[in-house]
Amino acid sequence: MGKKILVIYTGGTIGMVKDEISGTLKPFNFEDIYAHVPTLKFLKHQIDFYTFPVLIDSSNVDLKFWIELAECIEKFYEKYDGFVVLHGSDTMSYTASALSFMLENLNKPVVLTGSQLPLGVIRTDGRRNIINAIEVAASYINETAVVPEVSICFENKIYRGNRTFKNNASHFEAFLSPNYPILAEIGIEIKYNKDAILKRTQKKLSVIKTLDNNVVVLKLFPGIHPNMIRSVVETSGLKAIVMETYGSGNAPTDELFIKELEHAIEKNILIINVTQCKKGSVQMEKYETGKKLQEIGVIGGFDITTESAVAKLMYLFGKETDVLRVTALFKTPLRGEMTIDM
Ligand code: ASP
């Protein structure tokens, strides 16, 4: 039997056509979707569309947008079996990460997809992506969703959303998830990697709608001036720094640099250590340059992506005021976003 799927259109390249006169890309009326993707008619599922009142390029995503999106899923949660979110690819990994935390006890599929070429362009990847996303959102075995989590569908792969980052601005295969296996591979058949998929929960969906963006990303580079770190630390209201370090979580041992970090920690600002490497995990105890960070109270982010660390901190500080509690929760994998290797 067919499933009921809600496709939520938020903007991005996928929903665009070329304006014949000006030659620029502009969003098309989603009522014309069947003209662009006629094969949608042949899917056995009931597909409804919800278009956001203002369509955005995903570079304009903000907390308000995430809350609106989470509220939309909450509003239609009982009515539909699965959700497909059409979203620009630029910040899709951030949105997927944020939704994964905000949608507590999710037990239905929420599949984000988009495209590198607009639907209104002959060689578009959007047609395939939207159909694949709908198939995955509608995939159930005995009333249990096969992928009851927030995922990204791009170029014949299904990824855990909070494990991804946008890796390629010009290839159809735009995303990577180097630290976690793909959830499904779409070929002639859809091959689900069942062991990698989060287990369904029996609890009721609870949507968190308070987020706190007093968070910053600080990328280290050789020669970084301690004053730069001081100015970040002095940002009014700052609660956490996602610090992108080298290799397995290493940073300069220079006294002035360490002093600035200590100053932040004294001010109750959390410092999360994530690596600039795309694959692998932070292990601060491995080298002296990492050990020093551990000694002063920097928190290891294991193999979490920067995107996911930012979203997790916004979610945790939106929910909790106690820094110790945020620290404890940050160190705990909540939605399969990191692997703790001891
Ligand atoms: N700039 C676009 C966006 O992220 C690119 C895309 O849709 O892939 O909204």
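Hydrogens, waters and symmetry mates are skipped; everything else that's a heavy atom, side chains included, is used. One-based numbering, in listed order, for ligands and for the atoms of each.
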Inset, instruction - Sort out for me which residue in Tyr315, Phe330, Trp66 forms a ring-ring contact (aromatic ring centres under 6.0 Å, His included) with Phe101. - result: Tyr315

Legend entry - Backbone or side-chain N or O of Thr91 under 3.5 Å from ligand 1 N or O: no

Inset, instruction - Before signing off on this row, confirm whether Ser89 and ligand 1 have an N or O atom pair separated by under 3.5 Å. - result: yes

Legend entry - Identity and distance of the protein heavy atom lying nearest atom 9 (O) of ligand 1: Ser58 N, 2.7 Å

Inset, instruction - Using distance alone, decide if ligand 1 has a nitrogen or oxygen within less than 3.5 Å of any nitrogen or oxygen in Asp57. - result: yes

Inset, instruction - Provide the closest heavy-atom pair for Phe257 versus Ala251 in the form atom of the first, atom of the second, distance. - result: CE2-CB, 3.8 Å

Legend entry - Nitrogen or oxygen atoms of Lys166 and ligand 1 under 3.5 Å apart: no

Inset, instruction - Could you tell me whether Lys157 sits above the aromatic face of Phe175, with NZ or CZ closer than 6.0 angstrom to the six-membered ring centre and within 45 degrees of the axis? - result: no

Legend entry - Ser115, portion touching ligand 1 at heavy-atom distance under 4.0 Å: backbone

Inset, instruction - Would you verify whether the NZ or CZ of Lys278 falls within 45 degrees of the ring axis of Phe165 while also being under 6.0 Å from that six-membered ring's centre? - result: yes

Legend entry - Nearest option to atom 5 (C) of ligand 1, as decided by whichever heavy atom of Thr10, Asp125, Thr13, Leu55 sits closest: Thr13

Inset, instruction - Could you tell me whether the side chain of Thr327 and the main chain of Val323 form a donor-acceptor pair under 3.5 Å? - result: yes

Inset, instruction - Give the numbers and elements of all ligand 1 atoms closer than 4.0 Å to a heavy atom of Gly12. - result: 7 (O), 9 (O)

Inset, instruction - Compare every heavy atom of Gly249 with every heavy atom of Thr245, then report the nearest pair and how far apart it is. - result: OG1-CA, 3.2 Å

